[in-house]
S.K.: 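Structure incoming, see below.
Treat the numbers as computed from the prediction; the structure is a model and nothing was measured. Per chain, numbering begins at 1; letters A, B, ... match sequence-line order.
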Amino acid sequence: MSDFRLYNTLSRQVEPFAPADGTTVRMYTCGPTVYNPAHLGNFRTFLFEDLMRRVLALRGWTVRQVMNLTDVDDKIIKRALEQGKTISEVTEPVIVVFHRDREYLRIQAAEAYPRATDFIPQMIALVERLVSRGVAYQADDGSVYFAISRFPAYGRLSRLDTREIKAGARVLQDDYTKENAQDFALWKAAKPEDEATGAAWDSPWGRGRPGWHLECSAMAMDLLGETLDLHCGGIDLIFPHHEDEIAQSEAATGVPFARVWSHGAFLLTEGAKMAKRVGNVSTVQGLREARFSAAALRHFVFNTHYRKELNLSEEALEASRQAVRRVGDFAGRLRSDTALALGGTPELARVAEAAVVRAEAALFDDLNGPEALAALFDFIRQANAELDRRGGDRGSVERARAAFDRIDSILDIVPEREEADSAFAEWIEERIEARRVARGARDFAAADGIRGELTARGVTIEDSGGETRWKLG
RNA sequence: GGCGCCGUGGCCAAGUGGUAAGGCGGCAGACUGCAAAUCUGCUAUUCGUCGGUUCGAUUCCGACCGGCGCCUCCA
């Protein structure tokens with residue numbers, strides 16, 4: 001079994017990774033804030049995490065992944081207020097959309113999707129713990145803050161000098177409620193809009209709601225224990241979100257919050273970070289309507305290493321669409337009865353198994369998706385050539401199928417075959433038979449006419465090996 | 001201003017101190033009645049620029065140019 005290596009944001013190095021108990025990877029992944037459907041930039045991170053969990057499982061570990069759904073925050077409250085709704089009335093439909101998009105992209109379900117609002121007692125308990133330890137305090141405004149001056153390790157993950165202030169940035173001189181400008185809210189005193197939208201709870205510090213960072217610490221520790229094996233998220237979460245999670249968790253428990261931190265890079269559009277506030281987002285729904293398959297989108301994302309920025313463009317998406325079409329054609333060929341009947345060669349099995357070794361080594365080396373894809377495409381080219389030889393060996397075809405399935409069980413980039421309903425399929429078969437007869441009589445004008453009819457209805461035919469196959473699209 | 005990332009063929013994109021994976025696209029050929037699919041060959045003497053270290057650098061160091069990100073609630 002190969003070694004598994006992963007880049008750790010804490011050390012800024014690729015290092016060997018294994019779960020603490022040797023069997024189960026306890027993995028926490030920051031999920032979406034559900035006020036608005038997530039865009040492909042968000043999903044790039046979730047796809048990176050999907051690749052992560054599949055590779056961890058391939059390596060032989062059990063994966064216990066938790067992804068939170070942030071269902072209470074400023075933007076949600078703002079939206080609820082605008083629409084005269086409660087926060088749950090805003091978030092419920094968005095959560096439905098999130099899972100629909102997630103499933104479309106073939107992102108495996110995490111073991112748990114906890115919602116912040118279901119963990120208020122755990123969050124309050126965590127704040128109490130911090131207050132009792134003297135690292136949190138209630139300010140004049142009623143909110144409870146974490147005192148970063150009492151957590152010396154603050155800034156270790158982000159490597160930001162805590163004293164640095166953005167040049168030209170206004171310093172809020174009148175912000176006297178906090179002891180230190182960089183102290184962050186653990187518990188926010190309720191405002192009228194919080195009460196109006198159902199975003200306020202009772203607490204030892206009065207009515208209020210949790211600060212953003214608090215939910216992740218409380219839910220992660222409740223569901224996975226005080227020390228996680230792996231904590232993932234988008235690179236923008238390093239500061240302040242993850243830095244603050246570390247501070248509040250470790251100040252409470254005294255033990256490391258996560259052994260390894262892994263962050264995915266951004267998706268850019270038109271050279272700028274894809275973000276709702278920039279207005280350059282592509283939604284999964286939109287891409288779906290543009291007929292980009294899950295397979296194509298997965299290929300597009302995995303063809304760039306997760307730690308490198310990826311620029312979305314129509315041309316690149318189109319290239320991925322063509323690439324997975326090739327994968328799909330090959331999968332269809334390899335899995336066909338004809339392939340088995342014609343058989344393969346010893347070389348077919350050899351290249352197939354070499355591809356598995358190469359792809360797995362790549363994935364175990366800090367999730368090198370592009371290299372794994374290269375292994376797959378080399379395999380496809382070589383295997384097609386071997387299948388052309390019709391070597392008669394069924395066993396090699398079966399071994400090639402197993403190898404292909406093993407690689408694709410991780411990447412999952414075979415496009416869904418469009419199915420024809422039975423009446424349509426019957427008509428297609430009838431037309432192909434008529435064309436066969438015409439070709440037999442060397443009446444090519446008639447045969448081409450029939451092909452034209454099929455093409456007009458979206459059916460592509462392929463004559464190979466003495467038989468005619470068809471596909472939609 | 002601080003911290004950090006990136007710059008590889010027409011486009012996308014791996015990679016290594018020892019002489020450039022893969023995909024898309026293009027060109028030519030094979031197969032085919034013609035297509036489609038598939039295969040074969042060609043498509044970067046070169047890895048932003050200029051220096052340095054080295055027997056040797058795309059890979060290490062420095063400077064510069066260009067692009068991007070984070071710096072309090074954004075995956």
Side-chain angles (χ1 to χ4, degrees), chain A residues 12 29-33 38-49 70 73-75 155 158-169 181-185 188 211-213 232-241 243-244 263-268 271-278 299-300 303-305 307-311 313 315-327 329-330 332-333 358 362 368-378 380-389 439 442-445 447-448 451 455 460-465 468-471:
Chain A
R12 309 281 155 123
T29 48
C30 285
T33 298
H39 57 253
L40 193 65
N42 301 308
F43 274 106
R44 183 192 183 190
T45 298
F46 305 147
L47 280 164
F48 139 64
E49 291 157 352
T70 299
D73 106 308
D74 292 353
K75 290 189 288 286
S158 58
R159 304 199 174 180
L160 281 176
D161 187 322
T162 57
R163 294 160 307 158
E164 285 301 337
I165 304 283
K166 189 200 302 194
Q182 300 198 350
D183 287 353
F184 58 90
K188 297 179 160 183
W212 176 38
H213 317 299
C232 306
I235 195 167
D236 54 338
L237 296 183
I238 293 174
F239 190 88
H241 187 52
E243 196 68 76
D244 291 349
H263 294 95
F266 282 132
L267 176 68
L268 309 180
K273 171 183 173 179
M274 181 179 286
K276 289 164 191 165
R277 66 164 190 240
V278 180
H299 173 94
F300 171 69
N303 194 39
T304 296
H305 188 91
R307 284 194 285 113
K308 190 180 167 188
E309 283 173 352
L310 169 58
N311 213 329
S313 69
E315 202 177 357
L317 282 176
E318 195 54 49
S320 286
R321 185 188 340 241
Q322 291 307 118
V324 297
R325 185 194 49 69
R326 178 171 161 78
V327 174
D329 284 343
F330 174 71
R333 181 183 191 187
R358 182 178 163 200
N368 192 332
E371 170 67 13
L373 283 167
L376 178 65
F377 279 95
D378 272 335
I380 289 173
R381 192 190 65 254
Q382 294 169 316
N384 269 319
E386 292 306 316
L387 288 171
D388 284 348
R389 295 178 197 278
R439 290 178 77 210
R442 302 195 66 77
D443 183 355
F444 297 121
D448 289 350
R451 185 167 61 202
T455 304
T460 302
I461 58 178
E462 297 174 6
D463 300 321
S464 65
T468 299
R469 293 171 42 206
W470 60 270
K471 64 179 181 183

S.K.: Rounded off to whole Å, could you give me the CZ-to-C1' distance for the A/F266 and B/G4 pair?
M.R.: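 Computing the A/F266:CZ to B/G4:C1' distance gives 12 Å.
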S.K.: Going by salt bridge (charged side-chain N to carboxylate O under 4.0 Å, His left out), name the residues that satisfy it together with A/E315, two or more places apart in sequence or in a different chain.
M.R.: none
S.K.: Applying side-chain contact (heavy atoms from CB on, under 4.5 Å) to A/W212 and A/D73, what does each step give before you reach the verdict?
M.R.: CA-CA 7 Å; A/W212 176 38; A/D73 106 308; 5.7 Å; no
S.K.: Quick one: side chain to side chain donor-acceptor pair (under 3.5 Å) partners of A/E49, sequence neighbours excluded?
M.R.: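 In terms of side chain to side chain donor-acceptor pair (under 3.5 Å), with neighbours along the sequence ignored, A/E49 is linked to no residue.
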S.K.: Please list, chain by chain and in numerical order, all residues satisfying ring-ring contact (aromatic ring centres under 6.0 Å, His included) with A/F43, sequence neighbours excluded.
M.R.: A/F46, A/F98
S.K.: Do we see A/F377 stacking on the base of B/G22, given a limit of 5.5 Å between centres and 30° between planes?
M.R.: no
S.K.: Mind checking what makes ring-ring contact (aromatic ring centres under 6.0 Å, His included) contact with A/F266, not counting sequence neighbours?
M.R.: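 Listed in chain order: nothing, the list is empty.
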S.K.: So what stems show up for RNA chain B if we need 3 or more Watson-Crick or G-U pairs in a row, all under 3.5 Å?
M.R.: B:1-7 with B:65-71, B:10-12 with B:22-24, B:25-30 with B:38-43, B:48-52 with B:60-64
S.K.: Tell me which nucleotide among B/A75, B/U72, B/U38 gets nearest to the side chain of A/R333.
M.R.: B/U38
S.K.: Taking only the C1' atom of each, what is the distance from B/A44 to B/U58 in whole angstrom?
M.R.: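 It works out to 12 Å between them.
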S.K.: Pairs under 3.5 angstrom, nitrogen or oxygen only, protein versus nucleotides 8-11 of chain B, please.
M.R.:
residue, atom, partner, partner atom, Å
B/C11, O2', A/E315, OE1, 3.4

S.K.: Below 3.5 Å, does any donor atom in the side chain of A/R451 face an acceptor in the base of B/A35, or the other way round?
M.R.: yes
S.K.: Where the side chain of A/R439 is concerned, which of B/C73, B/A36, B/C34 is the nearest nucleotide?
M.R.: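 Side chain of A/R439 sits closest to B/C34.
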S.K.: Which one, B/U38, B/A75, B/G33, comes nearest to the side chain of A/D448?
M.R.: B/G33
S.K.: Taking for each residue the nucleotide of RNA chain B bearing the nearest heavy atom, is the 5' side occupied by A/N368 or by A/K471?
M.R.: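 With A/N368 and A/K471 compared, the 5'-side residue is A/N368.
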S.K.: Distances under 3.5 Å between protein N/O atoms and the N/O atoms of nucleotides 19-21 of chain B, please, pair by pair.
M.R.:
residue, atom, partner, partner atom, Å
B/A21, O2', A/R358, NH2, 3.1

S.K.: What does nucleotides 39-44 of chain B look like as a protein-contact string, B for base, S for sugar-phosphate only, - for none, at under 4.0 angstrom between heavy atoms?
M.R.: SS----
S.K.: Go through the structure and list residues passing salt bridge (charged side-chain N to carboxylate O under 4.0 Å, His left out) with A/R326, not counting sequence neighbours.
M.R.: none
S.K.: Got a sec, which residues hit side chain to side chain donor-acceptor pair (under 3.5 Å) with A/Q382, two or more places apart in sequence or on another chain?
M.R.: none
S.K.: B/C68 C1' sits how many Å from A/H263 NE2, rounded?
M.R.: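 Value for this atom pair: 18 Å.
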S.K.: Whole-Å distance between B/G69 C1' and A/I235 CD1?
M.R.: 7 Å
S.K.: Both A/S320 and A/A275 contact RNA chain B. Which one's nearest nucleotide lies toward the 5' end?
M.R.: A/S320
S.K.: Which nucleotide wins on minimum distance to the side chain of A/Q322, given the candidates B/U72, B/G22, B/G25?
M.R.: B/G25
S.K.: What's the closest nucleotide to the A/H299 side chain, out of B/C34, B/C74, B/G23?
M.R.: B/G23
S.K.: Among B/A75, B/C71, B/A37, which nucleotide sits nearest the side chain of A/E462?
M.R.: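 Closest nucleotide among those given: B/A37.
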S.K.: Check every atom of B/U72, B/C73, B/C24 against the side chain of A/A323 and return the nucleotide holding the closest atom.
M.R.: B/C24
S.K.: For A/H39, check side chain to side chain donor-acceptor pair (under 3.5 Å) against everything at least two apart and list the hits.
M.R.: A/N42
S.K.: Contact class for A/L237 (heavy atom, under 4.0 Å): base, sugar-phosphate, or nothing?
M.R.: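 Sugar-phosphate: the residue A/L237, judged by heavy atoms under 4.0 Å, touches backbone atoms but no base.
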S.K.: For A/H213, report the nucleic acid contact type (base, sugar-phosphate, nothing); a contact means any heavy atom under 4.0 Å.
M.R.: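 Result for A/H213 = nothing.
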S.K.: Considering every strand and a 4.0 Å limit on heavy-atom distances, what is the contact class for A/I238: base, sugar-phosphate, or nothing?
M.R.: nothing
S.K.: Tell me, please, which residues at least two apart from A/D443 pass side chain to side chain donor-acceptor pair (under 3.5 Å).
M.R.: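 Once residues adjacent in sequence are excluded, A/D443 has no partner under the side chain to side chain donor-acceptor pair (under 3.5 Å) criterion.
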S.K.: What nucleic acid atoms does A/G264 come within less than 4.0 Å of, heavy atoms only: base, sugar-phosphate, or nothing?
M.R.: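 It contacts nothing in the nucleic acid.
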S.K.: Checking all strands, does A/K75 fall into the base, sugar-phosphate, or nothing category for heavy-atom contacts under 4.0 angstrom?
M.R.: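 Sugar-phosphate: the residue A/K75, judged by heavy atoms under 4.0 Å, touches backbone atoms but no base.
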S.K.: Taking atom P of B/C6 as reference, at what distance in whole Å does atom CD of A/E309 sit?
M.R.: 10 Å
